[in-house]
Amino acid sequence: MLKKINCIINGEPKEIEVDVRESLLDMLRNRLHLTGTKQGCGVGECGACAVLIDGNTIDSCIYMAVWADGKNITTIEGISKPDGSLSDIQQNYVDKGAVQCGFCTPGFVISTTALLNKNDDPSRDEIRRGLSGNLCRCTGYQKILDAVETTVEQRRNSKK
Amino acid sequence: MYQINGYLEASTISEAIDYLNKNDNAQIIAGGTDVLIKTRERKGGYVDRDLVGIMRIPELKGIKIDAEGNIVIGATSSFTEVEENEIIKSNIPSLCTAVGSVGGPQIRNMGTIGGNVANGATSADSASTLFALDTIVRIASKEGIREVPIEEFYLGPGKVALNKGEILTSFVILKKNYKGFKGDYIKYSHRKAMDIATLGCSVMIKINGQIIEELKIAYGVAGPTPVRAKGAEEYGVGKEISQEVLNEIGEMCLKDTSARDSWRASKAFREQLIRELPKRAINNAIGGGFNA
Ligand code: FES
Ligand code: FES
């Protein structure tokens with residue numbers, strides 16, 4: 001069964017025909033070719049598929065595509081600047097060595113973006129909690145936490 | 001692709017109820033953090049269903065205090081919405097702790113408190129606190145609204161008192177069951193996030209000086225459904241709080257519970273938690289002072 005939905009994806013209004021059996025992840029990757037969003041577990045455990053819906057992080061593997069109707073969605077492609085350069089969060093992930101194979105990184109960047117939008121001065125524990133729905137098999141997490149803390153510091157300093 | 005047969009987005013409660021009544025294959029879906037996973041894993045009863053979405057029904061949303069001072073929580077309030085709600089934060093902080101211990105941020109943004117209870121799992125993090133609050137479950141059908149105490153809502157593992165054509169619409173927490181109480185929820189799990197409770201314990205206590213005036217103790221994963229430790233509660237009421245009384249409460253909780261072995265933990269380990277966690281939760285609730 002196909003259904004037409006309207007939503008905003010990375011700032012652009014879209015009308016898309018989706019199968020009701022599709023996940024948002026399927027829709028993003030297969031219909032819109034936004035392949036920055038990854039599928040890890042497919043069951044809401046790993047956060048590789050995280051995207052923002054109206055500013056809140058969700059796992060797109062357990063989110064029906066039809067639910068996107070009327071929503072404002074940001075994927076990792078919408079996090080980088082229009083000229084393709086990296087956001088401060090992304091740059092710090094690179095600079096701090098928080099990216100190894102990179103498979104988890106889009107999800108982590110999405111969760112970090114949402115976390116810092118909600119709380120611009122999180123403690124290390126709050127960062128851990130904010131990123132607790134994302135798994136990384138490579139980095140051991142410390143460098144990811146460092147990248148987030150560095151972003152917080154830089155933003156604080158640039159405000160002074 | 002999810003292995004489902006169809007999808008209906010309901011916009012009112014009566015539309016959802018009509019559909020449930022005329023389609024035997026219908027299955028309610030709220031935030032999907034349980035149903036979609038079971039569908040993907042092809043769990044019995046979750047394959048080829050006609051899903052009915054209820055997240056766009058306005059009456060199921062929101063948290064408010066009614067004219068009598070009772071707190072009403074709409075069934076499709078997400079865990080994050082409950083955790084961050086000012087009414088809940090200032091009146092029942094232990095419920096914030098409970099819903100804040102579910103999964104991770106993504107799950108808490110989508111998963112709903114109604115779904116947590118309606119799927120009938122003993123491990124539901126919100127359930128033991130709702131038990132300790134003597135919560136009333138409000139259910140709508142085409143006959144109208146009925147109210148069921150949460151203890152009677154749970155019938156067995158995965159079984160709840162929802163008949164065909166019925167929808168859980170809200171939870172009502174009476175003023176007398178939260179006003180003047182202090183509470184705490186302790187989730188014992190292997191990981192601090194993205195884990196299911198090995199055991200959960202929620203306590204509501206009303207204390208006057210050092211005398212326990214009222215006491216409610218509820219558990220998750222201490223039996224096939226969430227359960228209250230009524231014997232221990234009765235024992236505690238009227239007593240002056242002391243280390244000995246706390247220890248006895250812990251012991252008595254064993255009589256009201258029936259922990260089992262599972263791959264997560266042994267029965268013996270769970271029984272140890274059943275003894276210890278209420279003491280810790282009471283101690284946390286009253287602001288410390290005991291060796292719990
Ligand atoms: S792919 Fe969605 S949470 Fe793992
Ligand atoms: S960098 Fe490889 S999974 Fe995180």
Side-chain angles (χ1 to χ4, degrees), chain A residues 1-3 5 18-27 30 39 41-71 107-108 110-115 117-119 125-135 141, chain B residues 1-11 27-43 46-56 76 78-81 83-84 96-97 100-112 115 187 189 191-196:
Chain A
M1 188 166 59
L2 289 176
K3 218 179 146 189
I5 64 164
V18 298
D19 191 305
V20 295
R21 297 169 300 172
E22 236 168 274
S23 67
L24 176 61
L25 178 65
D26 295 334
M27 178 188 106
N30 304 337
Q39 170 153 1
C41 63
V43 288
E45 291 277 352
C46 75
C49 64
V51 301
L52 300 180
I53 301 225
D54 299 332
N56 298 314
T57 338
I58 61 102
D59 290 329
S60 63
C61 67
I62 48 169
Y63 189 100
M64 298 182 81
V66 290
W67 289 348
D69 192 30
K71 307 279 185 197
F108 267 100
I110 289 284
S111 292
T112 306
T113 304
L115 169 69
N117 282 347
K118 241 183 174 175
N119 179 355
D125 274 349
E126 287 171 326
I127 299 172
R128 283 178 191 279
R129 183 166 193 257
L131 301 183
S132 60
N134 293 77
L135 296 182
Y141 301 103
Chain B
M1 295 268 182
Y2 304 116
Q3 186 80 29
I4 58 171
N5 192 51
Y7 181 75
L8 173 87
E9 186 74 69
S11 44
Q27 155 78 43
I28 294 177
I29 181 167
T33 54
D34 185 52
V35 170
L36 290 179
I37 292 169
K38 286 178 173 154
T39 304
R40 188 144 269 160
E41 290 174 343
R42 294 178 162 65
K43 282 242 166 77
Y46 288 88
V47 174
D48 294 333
R49 299 294 293 267
D50 289 300
L51 299 184
V52 193
I54 57 170
M55 294 298 275
R56 292 184 197 237
T76 60
S78 72
F79 296 115
T80 304
E81 282 163 355
E83 188 187 3
E84 294 178 354
C96 298
T97 309
S101 74
V102 175
Q106 296 97 301
I107 301 294
R108 290 195 295 271
N109 284 340
M110 285 309 294
T112 66
K187 174 180 187 166
S189 55
R191 291 186 286 168
K192 286 196 185 130
M194 302 303 287
D195 207 352
I196 289 173

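Lettering follows sequence order; numbering is per chain, from 1.
- Heavy-atom distances place no part of A/R128 under 4.5 Å from chain B, backbone and side chain included.
- Taken to the nearest 0.5 Å, the CE atom of A/M64 stands 5.5 Å off from the OH atom of B/Y7.
- With chain B as partner, the option from A/L25, A/V20, A/T57 having the largest number of non-hydrogen pairs under 4.5 angstrom is A/T57.
- A donor-acceptor pair is defined here as one N or O able to donate and one able to accept, closer than 3.5 Å; no such pair exists between the side chain of B/N109 and the backbone of A/I58.
- Contact annotation: the side chain of B/Q106 never approaches that of A/E45 to less than 4.5 Å [non-hydrogen atoms, C-beta and beyond].
- Counting heavy atoms from C-beta on, the side chains of A/Y63 and B/T33 never come closer than 4.5 Å.
- Atom CD1 of B/I107 is separated from atom CG of A/D59 by 5.0 Å, given to the nearest 0.5 angstrom.
- At a threshold of 4.5 Å between non-hydrogen side-chain atoms, the residues A/K3 and B/E9 count as touching.
- The closest donor-acceptor contact from the side chain of A/R21 to the backbone of B/N5 lies at 3.5 Å or more, if one exists at all.
- For A/R129 (side chain) and B/K192 (main-chain N/O), no donor-acceptor pair under 3.5 Å exists by modelled atom type.
- Contact tally against chain A (heavy-atom pairs below 4.5 Å) for B/R191, B/R56, B/E41: the top residue is B/R56.
- Interface residue A/D19: only side-chain heavy atoms are found under 4.5 Å from chain B.
- Using a 4.5 Å heavy-atom cutoff, the side chains of A/I62 and B/M110 are not in contact.
- Residue A/D26 touches chain B through its side chain alone, counting heavy-atom pairs closer than 4.5 Å.
- The closest side-chain heavy-atom distance from A/N56 to B/T80 is not below 4.5 Å.
- Between A/E22 and B/M1, the closest side-chain pair of non-hydrogen atoms falls below 4.5 Å.
- What you find for A/S60 and B/Y2 is that their closest heavy atoms are O-OH, 4.4 Å.
- Interface summary for chain A: among B/P105, B/G6, B/G104, the most heavy-atom pairs under 4.5 angstrom belong to B/P105.
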